[in-house]
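Notes follow the structure.
Letters go in sequence order (proteins before strands), and every chain restarts at 1.
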There are 2 protein chains.
Amino acid sequence: MATMKQVAERAGVSTSTVSHVINNTRVVSDDVRERVTAVIAEMRYIPSAVARSLKNDRTHTIGMMVPNNSNPYFAELIQGIEDAAFKVGYNVILCNAYDDPRKQAAYLRVLIEKRIDGMILVASGADEELARLLAHQQTPMVLVDREVAGVQADFVEADHETGGYLATRHLIELGHRAIACISGPRDLPPSLDRVNGYRRALAEAGLDAPSGYLVYSNFTSEGGYRALQQLLKLGKRPTAVFAGNDLMAIGALCAASEAGLRIPSDLSVIGYDDIALASYSTPRLSTMAQPKYDMGQRIVGMLMERIMGSAQPLRRELLQTRLVARQSTAAPR
Amino acid sequence: MATMKQVAERAGVSTSTVSHVINNTRVVSDDVRERVTAVIAEMRYIPSAVARSLKNDRTHTIGMMVPNNSNPYFAELIQGIEDAAFKVGYNVILCNAYDDPRKQAAYLRVLIEKRIDGMILVASGADEELARLLAHQQTPMVLVDREVAGVQADFVEADHETGGYLATRHLIELGHRAIACISGPRDLPPSLDRVNGYRRALAEAGLDAPSGYLVYSNFTSEGGYRALQQLLKLGKRPTAVFAGNDLMAIGALCAASEAGLRIPSDLSVIGYDDIALASYSTPRLSTMAQPKYDMGQRIVGMLMERIMGSAQPLRRELLQTRLVARQSTAAPR
DNA sequence: CTGTTAGCGCATTCAT
DNA sequence: ATGAATGCGCTAACAG
């Protein structure tokens, strides 16, 4: 791989001149500029970002840690972020923590070694190692969806409590009174916030939910499938279900269908996230849309401000979700 | 951020000694080793991979270019790759080309600047720039699913032709004779290979497909949805459909349902990929499973061999797909 | 308008 | 068993 020195020699100029024509950072005579440019093309010289980073103390790389890239919510979020980052000249290193705090800490360490300029963290639980690494680290960072104890950083999330509230309100307004909830893991704040919204809506409407109506599962289709099977065993079946994410809602749709229930006439189901496939499930899924694209934009925007050295106080951005009523919800019979 | 030099000073040793205790690369007295280790911990020193890369000419980073991370097939593939890479001490920089050859070329250039050790490319069309960059580049690379004209590199794919053939055979064996095909874009070889397999199976069974039975669309749910609507307008409706990927199959399921058709009694649908959600569509989707995890392992394995300097001839790995019969296919009435 | 030089943080050769 | 010195490829301050 050609180096700048070789280019300089071949063009009969100094490396600093080559550097300046590449970066347009000082005046260069047309004559010389042309010659250098020609040599660069001829030798197919491509500058080394590694050397440049060492010199400049900037890698133009950000790290993105997510629990699981296979969850379409994260995949879509990542895409928005990768997109926004590319536009401002940044690349993203993707890290799947698989909800394993140890793996997450190991990754974080590697990212710091690589001297990423900034970090986007959708945390998978926090262990000591993580907290310690983060505590003494001043790498610009924005936390998404999940705060980390003891870590001071900008934070972005879509209002889960209100989302859960609005989803449940939607069901109530359709006339449902027996409304169950399939929640994500009980140790994840976003899950709990959504459940809190669900509860608030019920309380406000003077409804009460039998204890069996709230079941915790994990954020997968299988989780939703099993949870609905469990709900269907109840003596008094719910007429509507609020699922903590679309994956679970789709699993619930599947279980309902296999149990011979018609959606939405026998059972209404509403999800959360509005992943791309929610528009094409059978039937099309009603859901609370998270502004994933907007979130990606803002997350990158906030991170860039920090990277550029903004010293403003920590920010918390609370975005709003939006009800998307499709075919999986209707009035009870 | 602390540097090795600072650590050395504080520990009262030379930088070379610090380097050696960190990398365990020469004998160091227990006394000194302990002292250095203590100072490292105390100063929270974390070595710079940037400087190390400049020196060693290795970044322990690979670039991964995909058309679109939001397609679950790619998301799951990425996950396997990222997983395998992590195990051997590599990170992956994710690049979404959005089927835009120009963006792809721009990304590639950046990756080369960053001196990635290897590249995994699921190409989005090839433009001149890409070919030129690649042609004169000896970065280890493995191509996935799509070859690039003029580029010599290892290649991995799951046998699309056989996959299409087996999917169609499955339908034929169930007794279908009017079998349509919803294909992906006509400019993508994997699409065409699957169509070829479809045709071969039909021919072998002595069946012919009216021209309207083959419709090209794009690899999204919406694409499948629209394509099925189009098929349903035909005078002689098919009794079964082979969709080029699961996203399209799920879109087709949605369209069929909205048209009042029952799956699989009125219409059988088989997809391709076996994305996680295929197990939980309504009804559960029959599909050709691509060995995504295995592919990820092999892709990374091959790439690592190249990175380690293996000089063996170019390889083509053709993995096999597997029929997963679920509830969306059955005998015609 | 252009060249010389120092140094970014580290690994490694050569001495001792 | 340890240290001094060099250079990886680049940018930028300084000099002319």
Show every donor-acceptor pair shorter than 3.5 Å between a side-chain atom in residues 296-311 of chain A and any protein atom, with sequence neighbours excluded, or say none if there are none.
| from | atom 1 | to | atom 2 | distance (Å) |
| --- | --- | --- | --- | --- |
| A:Gln297 | NE2 | A:Tyr293 | OH | 3.3 |
| A:Arg298 | NE | A:Asp294 | OD2 | 3.4 |
| A:Arg298 | NH1 | A:Glu317 | OE1 | 2.7 |
| A:Glu305 | OE1 | A:Gln312 | NE2 | 2.9 |
| A:Glu305 | OE1 | A:Arg315 | NH2 | 3.0 |
| A:Glu305 | OE2 | A:Arg315 | NH2 | 3.4 |
| A:Arg306 | NE | A:Asp154 | OD2 | 2.6 |
| A:Arg306 | NH1 | A:Ser310 | O | 3.3 |
| A:Arg306 | NH1 | A:Gln312 | O | 2.8 |
| A:Arg306 | NH2 | A:Asp154 | OD1 | 2.9 |
| A:Arg306 | NH2 | A:Asp154 | OD2 | 3.4 |
| A:Arg306 | NH2 | A:Gln312 | O | 3.1 |
| A:Arg306 | NH2 | A:Pro313 | O | 3.1 |
| A:Ser310 | OG | A:Gln312 | N | 3.4 |
| A:Ser310 | OG | A:Gln312 | NE2 | 3.1 |

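Over its full length, the helix from C:dC1-D:dG16 to C:dT16-D:dA1 turns its helical axis through 40°, comparing axes from the five pairs at each end and rounding to 10°.
For A:Asp30, the CG atom counts as loosely surrounded, since its 6.0 Å shell holds 12 or fewer non-hydrogen atoms of other residues, nucleotides or ligands.
In summary, contact between chain B and DNA chain D, defined as any nucleotide atom under 4.0 Å from a heavy atom of the protein, begins and ends at D:dA1 to D:dG9 in the 5' to 3' direction.
Here the closest non-hydrogen pair linking A:Ala158 and A:Gln290 is CB-OE1, 3.3 Å.
We find that B:Arg316 and B:Glu147 are joined by a salt bridge, their nearest charged nitrogen and carboxylate oxygen being less than 4.0 Å apart. Between A:Glu42 and A:Arg35 there is no salt bridge, since no side-chain N of the basic residue sits under 4.0 Å from a carboxylate O of the acidic one.
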Nucleotide by nucleotide, nucleotides 6-16 of chain C touches protein heavy atoms under 4.0 Å in the pattern (B base, S sugar-phosphate only, - none) -BBBBBB-B--

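Among residue pairs with one or both ends in residues 21-59 of chain A, none qualify as ring pair (Phe, Tyr, Trp, His ring centres under 6.0 Å); sequence neighbours excluded.
Between atom OH of residue B:Tyr73 and atom CD1 of residue B:Ile275 there is a gap of 12.0 Å, rounded to the nearest 0.5 Å. Atoms CG and CZ, on A:Asp99 and A:Phe219 in that order, are 10.5 Å from each other to the nearest 0.5 Å. Atoms CD1 and CE, on B:Ile62 and B:Met119 in that order, are 9.5 Å from each other to the nearest 0.5 Å.
For the contact set between residues 27-35 of chain B and DNA chain C, defined by any heavy atom under 4.0 Å, there are no members.
In this model, no donor atom of one side chain and acceptor atom of the other lie less than 3.5 Å apart for B:Asn69 and A:Gln79.
B:Tyr98 does not carry B:Lys103 over the face of its six-membered ring by the limits of under 6.0 Å from the centre and within 45° of the normal.
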Q.
Go through it in stages, so that I can follow the logic: the residues are B:Asp117 and B:Tyr90, the test is side-chain contact (heavy atoms from CB on, under 4.5 Å), and I'd like the CA-CA distance, side-chain angles, deciding distance and then a yes or no.
A. CA-CA 9 Å; B:Asp117 292 343; B:Tyr90 273 72; 3.3 Å; yes

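Using a 4.0 Å heavy-atom distance criterion, B:Val18 is classed as making no nucleic acid contact.
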